[in-house]
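Down below is the structure, laid out as structure tokens.
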Amino acid sequence: MLNDRCVTVFELLKSAGYTSCAVGRLDMVTAEDWHNPKKIARYVDRFFGSTGYQGPGNYFKDVRNTAFYRDGERYSIPDGGYKTDLITDFAVDFIKTQTKEKPFFLYMSHYAPHWPLHAKPDDIAKYRDLYRRLGWDKAREQRLQRLIEMGLVPAGTQLAPRDPHATAWKDSKFQEWEAERMATFAAQIDCLDQSVGRVMETLRSTGADQNTLVFFLSDNGASDKAVGQLDKPNATWRSDGTRTKVGNKPSIQPGPADNFVTAGPAWSNLSNAPFRDHKQTNYEGGIASPLIAWWPGVVTQTGVISPELAHIADLTATCLEVGGVTYPAEFAQRQVTPLAGKSLLPVLQGGERDGHTSLCWATSGARAVREGSWKLVAIPKGPWELYDLSKDRAELHDLAAEQPERVAAMTKTFEAWQTR
């Protein structure tokens, strides 16, 4: 959660004359602000979405623990509404109201494809036959081949093994229901893609496209988890009290507002292909995220423009440099933590930067360190494993026993970071 030791890119750009807008999930706003949404104005000029830490809960209906607000006022999802569309509607309207005299900053944080598996029927229909025909095993093989052909992973990259909690597709007893789960997940992403298209078209129609930097990324790898807490008596995220059917079982169909189904480990494996493991781990399947950068006249390369080690913290540093804003040592009469990220602007311009010598993670007991292509990683309470990601992105060949000195040195890096 945000605290008095930090300052956000929202606040800094707003103080520099930018009109700012946040749309969708603003999980990180302080607990005090959860219950007084008008305080969000400290960060942004316009806001539509939710604060708190529950995810969407329901894409079609109001939920108890994740109230929606529009510019400080409580907002109720209208009949026939779908959160992905509503978020995009607000973002599009915001862009349309901007003038060329003043720059703007838009943070569009969609819920999709976070659980539950809720999607519109027409979008689901596009993918139903595809996943019935492929299943997760063949689909993973095809995705790896496509990633290699596009140059997104090196030739020779291998698939991580199928998750031990997943059967072979040919042995799955409920293939139609399983295919429906992935078709619904794909439908959520399809709708999100349509939304991105609407935003980009709005930039073009308003003439802002030639002078706008756009970053697109996801927050982490796909999740393998199921949700069981809604099975408790009277437990539901629905504000209208409607009971929710919860569970990953063929009697509960993914898609509609009354059901709560998740994708599960086999389909998460597919979404994370070719990497191993899932969200809440520090294997590549949990933390590796592609970043798309678009900026006419500046980003002129196509494909993979840099294999350099980078982190989401670099986006704040980049936005501040592009906006001509200096990160302060003090803001609003409080001392703030030094900037963690390093600007990507030189990379976007086709050059190189003075990058990170190391990056560290600590997630739900899992640990990891990156130094160049080397990665040290461990499961909770487990031993360190060592991988060379330049040759082994799927983290299949543990080199810890062969290189104990490197393990020791990187362990010290992690411990120093953790203490700091």
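In this text the structure is predicted, and so the values were computed from the model without any measurement.
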What I want to check is whether the side chains of [X] and [Y] have a donor and an acceptor closer together than 3.5 Å.
X: His118; Y: Asn259; value: no
X: His397; Y: Gln158; value: yes
X: Ser289; Y: Ser218; value: yes
X: Tyr111; Y: Ser50; value: yes
X: Thr357; Y: Glu371; value: no
X: Ser223; Y: His114; value: no
X: Asp388; Y: Ser373; value: yes
X: Thr8; Y: Glu11; value: yes

Item checked: Member of Trp177, Tyr131, Phe185 meeting the ring pair (Phe, Tyr, Trp, His ring centres under 6.0 Å) criterion with Trp267 -> Tyr131
Check: Taking the inter-plane angle between the rings of Trp361 and His311 on a 0 to 90° scale, is it parallel (under 30°), tilted (30 to 60°) or perpendicular (over 60°)?
Finding: tilted
Next item on the list: Look at the aromatic rings of Tyr82 and Phe60 and report parallel, tilted or perpendicular, splitting at 30° and 60°.
Entry: tilted
Check: Between Trp294 and Phe215, is the gap from one ring center to the other below 6.0 Å?
Finding: no
Margin query: Distance check, rounded to the nearest 0.5 Å: Leu309 atom CG versus Arg370 atom CZ?
Written below: 4.5 Å
Check: Which value, rounded to the nearest 0.5 Å, describes the distance between Phe10 atom CZ and Ser15 atom OG?
Finding: 13.5 Å
Thinking salt bridges, do [X] and [Y] make one under a 4.0 Å N-O criterion?
X: Asp190; Y: Lys126; result: yes
X: Asp122; Y: Lys120; result: no
X: Arg276; Y: Glu385; result: yes
X: Asp137; Y: Arg162; result: yes
X: Arg46; Y: Asp71; result: yes
X: Glu415; Y: Lys412; result: no

Margin query: Considering only residues two or more places apart or on different chains, which pairs with a residue in residues 322-356 satisfy ring-ring contact (aromatic ring centres under 6.0 Å, His included)?
Written below: none
Check: Does some side-chain heavy atom of Leu86 sit less than 4.5 Å from a side-chain heavy atom of Asp89?
Finding: yes
Next item on the list: Go through the steps to decide whether Asp62 and Ser76 satisfy the test side-chain hydrogen bond (donor to acceptor under 3.5 Å, both in side chains), and finish with yes or no.
Entry: CA-CA 6 Å; Asp62 291 339; Ser76 183; 2.5 Å; yes
Notebook entry, point to check: Honestly, is Lys375 close enough over Tyr387, meaning NZ or CZ under 6.0 Å from the six-membered ring centre and within 45° of the axis?
Noted result: no
